*Asks:* 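Can you keep this structure in mind? I'll have questions shortly.
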Amino acid sequence: MHEVGIMQSVLEIAEAQARTSGALRIREVKMRVGRMTGVVSEALDHAFAVLREGTMAAGARLDVEFVPGAFWCMTCAAEFESDDLIGGCPTCHEPSFDMRRGRELDVVSLEVD
């Protein structure tokens, strides 16, 4: 359950940014998470709910956009989506290890007061 460690880091980043901007409270944290990270949505939500208490984000909302895996096929010179670790091109069926998206773990924005 690496979601606890991820959310701990997200809250540290969010609080540091909120303090830098002079905010008193965090109302919302928006994240972008790649499906290839193995992050489980429910575990991330639970970690956020538990860890936000006692921080500037107490009572804040968590908005997560999950990004599908995307690979580049050198044979077809085209990008394709896949949630498998070794993407197989749907056109030529060649395996691809050239992952272009799907490993993101980004704090996209904060809504603060």
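In this text the structure is predicted, and so the values were computed from the model without any measurement.
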*Asks:* Mind checking whether Phe71 and Cys89 have side chains closer than 4.5 Å, heavy atoms only?
*Replies:* no
*Asks:* Any sub-3.5 Å donor-acceptor pair from Thr37's side-chain atoms to Arg103's backbone N or O?
*Replies:* no
*Asks:* What I want to find out is whether Glu111 reaches Lys30 closely enough, with some N-O distance under 4.0 Å, to be called a salt bridge.
*Replies:* no
*Asks:* Are Cys92 and Cys73 side-chain neighbours, meaning at least one heavy-atom pair lies under 4.5 Å?
*Replies:* yes
*Asks:* Taking Val33's backbone N and O only, do any of them form a donor-acceptor pair with Glu65's side chain (distance below 3.5 Å, no angle check)?
*Replies:* no
*Asks:* Minimum heavy-atom separation for Glu53 and Gly59, please, with both atom names.
*Replies:* OE2-N, 4.3 Å
*Asks:* Which pair of non-hydrogen atoms, one from Ala57 and one from Leu11, has the smallest distance, and what is that distance?
*Replies:* CB-CD2, 3.8 Å
*Asks:* Mind listing the closest non-hydrogen atom pair of Ala60 and Arg52 along with its distance?
*Replies:* O-NH1, 2.5 Å
*Asks:* Do Val67 and Met36 belong together in a cluster built from hydrophobic side chains that touch within less than 4.5 Å?
*Replies:* no
*Asks:* Under 4.5 Å between side-chain heavy atoms, counting indirect links through other Ile/Leu/Val/Met/Phe/Trp/Tyr residues: same cluster for Phe66 and Val29 or not?
*Replies:* yes
*Asks:* Heavy atoms only: give me the nearest Met56-Arg19 pair and the separation to one decimal.
*Replies:* SD-CG, 3.8 Å
*Asks:* Any salt bridge between Arg32 and Glu104, counting N to O under 4.0 Å?
*Replies:* no
*Asks:* Determine whether Trp72 and Met74 make a side-chain contact, defined as any pair of heavy atoms from C-beta on separated by less than 4.5 Å.
*Replies:* yes
*Asks:* Do the side chains of Leu110 and Leu51 join up, straight or via other hydrophobic residues, at under 4.5 Å, putting them in one cluster?
*Replies:* yes
*Asks:* Below 4.5 Å, heavy atoms only, C-beta onward: do Met31 and Val10 meet side chain to side chain?
*Replies:* yes
*Asks:* Identify the heavy atoms of Asp83 and Pro68 that sit nearest to each other, and give their distance.
*Replies:* OD1-CA, 4.0 Å
*Asks:* Does Leu85 have more than 12 heavy atoms from other residues, nucleotides or ligands lying within 6.0 Å of its CG?
*Replies:* no
*Asks:* Would you mind reporting whether Arg25 and Val112 have side-chain heavy atoms less than 4.5 Å apart?
*Replies:* no
*Asks:* Any side-chain heavy atom of Leu62 within less than 4.5 Å of one from Met7?
*Replies:* yes
*Asks:* State plainly whether one hydrophobic cluster holds both Leu105 and Ile13, where clusters connect Ile, Leu, Val, Met, Phe, Trp and Tyr through side-chain heavy atoms under 4.5 angstrom apart.
*Replies:* yes
*Asks:* Do Asp98 and Arg100 pass the salt bridge (charged side-chain N to carboxylate O under 4.0 Å, His left out) test, and can you show the C-alpha distance, the side-chain angles, and the key distance before you say yes or no?
*Replies:* CA-CA 6 Å; Asp98 187 359; Arg100 302 286 172 102; 2.9 Å; yes
*Asks:* Is there side-chain contact between Glu3 and Glu42, with at least one heavy-atom pair below 4.5 Å?
*Replies:* no
